Amino acid sequence: MVIRYKGVVHNILNDAPFIGAVIIANGCSMPCADCINEHLKDDSLTMIASPEAIIRSIRRNGLNQGIILSGLEWTEQPEEMTALVKAALAAKLEVIVYTHHEETAFFKIAPALQTLPIYVKFGLYDAALKSDDHYSMTVKLATTNQYIRYFG
């Protein structure tokens, strides 16, 4: 299996309950107003690597305690998302997945993730619900309809 992704940003402190590396999905079809990642949708760069190779590169940075699957929407590549999550857990890294979906829809797309020990940030970005003081599991979230749950 190979993973298609836009890139990796290391040592992120504020998007998870751990220090992690953001692995940016290859795309997102959602037309969210004021999307902070809109520029990534137009980026033609697509990197390709095995899940194990990506996780090895994450582990080489000693500050990374886990992976943050965000930037764009990983549920649009569910098999790749699942493979990355399993590779990260096998390497004893923590995992958080950001999704615009609600819980039922997310686990319908990726049922194998429901029993794994991961965090998931649920909820569509809604500019009308923007907040500067909304937190879930110590993570500041952009809008009040978003929340994080731990599974497994």
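What you are looking at is a predicted structure, and each value in this text was computed from that prediction instead of being measured.
Proximity of Val97 to Phe106: side-chain heavy atoms (C-beta onward) are separated by under 4.5 Å at one or more points. In this structure, Met1 and Ile3 have side chains that are in contact, with non-hydrogen atoms separated by less than 4.5 Å. Taking the side chain as every heavy atom from C-beta outward, Asn64 and Asn11 approach each other to under 4.5 Å. Looking at Ile58 and His10, their side chains come closer than 4.5 Å, going by heavy atoms from C-beta outward. Side-chain contact between Ile148 and Leu141 is present, with heavy atoms from C-beta onward closer than 4.5 Å. Here the side chains of Met47 and Ile54 are not in contact, with every heavy-atom distance at 4.5 Å or above. Between Lys6 and Thr46 there is a side-chain heavy-atom pair separated by less than 4.5 Å. Tyr98 is listed as a side-chain neighbour of Ile68, based on a closest heavy-atom distance under 4.5 Å.
Distance CD/Gln77 to CG/Asn26: 5.5 Å, rounded to 0.5 Å. Once rounded to the nearest 0.5 Å, the distance linking CD of Glu94 with CD1 of Ile67 reads 11.0 Å. For the atom pair Leu113 CG and Ile118 CD1, the distance stands at 4.5 Å (nearest 0.5 Å). Between the OG atom of Ser131 and the NZ atom of Lys140 there is a distance of 7.5 Å, given to the nearest 0.5 Å. Summarising the geometry, atom CD1 belonging to Ile48 is positioned 9.0 Å from atom CD belonging to Glu80; distances are rounded to the nearest 0.5 Å. Going from atom CD of Glu79 over to atom CG of Leu84 covers 12.5 Å, rounded to the nearest 0.5 Å.
Under the 30°/60° scheme for interplanar angles, the aromatic rings of Phe122 and Tyr147 are found to be tilted. Ring geometry for Tyr119 against Phe18 counts as tilted: the plane angle lies between 30° and 60°, on a 0 to 90° scale.
Under a hydrophobic clustering in which Ile, Leu, Val, Met, Phe, Trp and Tyr are joined whenever their side-chain heavy atoms come within less than 4.5 Å, directly or via other members, Ile12 and Leu63 fall into different clusters. Tracing side-chain contacts under 4.5 Å through hydrophobic residues (I, L, V, M, F, W, Y), one reaches Leu116 starting from Val120; they form part of the same cluster. Residue Ile23 is not grouped with residue Val2 when hydrophobic side chains (ILVMFWY) are merged at heavy-atom distances under 4.5 angstrom, including chains of intermediate members.
Across all non-hydrogen atoms, the minimal contact from Arg4 to Trp74 is O-CH2, 3.9 Å. The two residues Leu89 and Pro117 have their closest heavy-atom pair at CD2-O, 3.8 Å. The shortest non-hydrogen separation linking Val139 to Asn14 is CG1-O, 3.5 Å. Scanning all heavy atoms of the two residues, the minimum distance from Gly27 to Leu72 falls at O-CB, 3.3 Å. Between Gly123 and Lys121 the shortest heavy-atom distance is O-NZ, 2.8 Å. The heavy-atom pair separating Ala88 from Val95 by the smallest distance is CB-CG2, 3.7 Å.
Side-chain contact of Asp126 with Thr143: a donor-acceptor pair under 3.5 Å is absent, judged by distance alone.
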Set out, in order, the CA-CA distance, both residues' side-chain angles and the distance that settles side chain to side chain donor-acceptor pair (under 3.5 Å) for His100 and Glu73, then state yes or no.
CA-CA 8 Å; His100 66 268; Glu73 183 61 45; 2.8 Å; yes
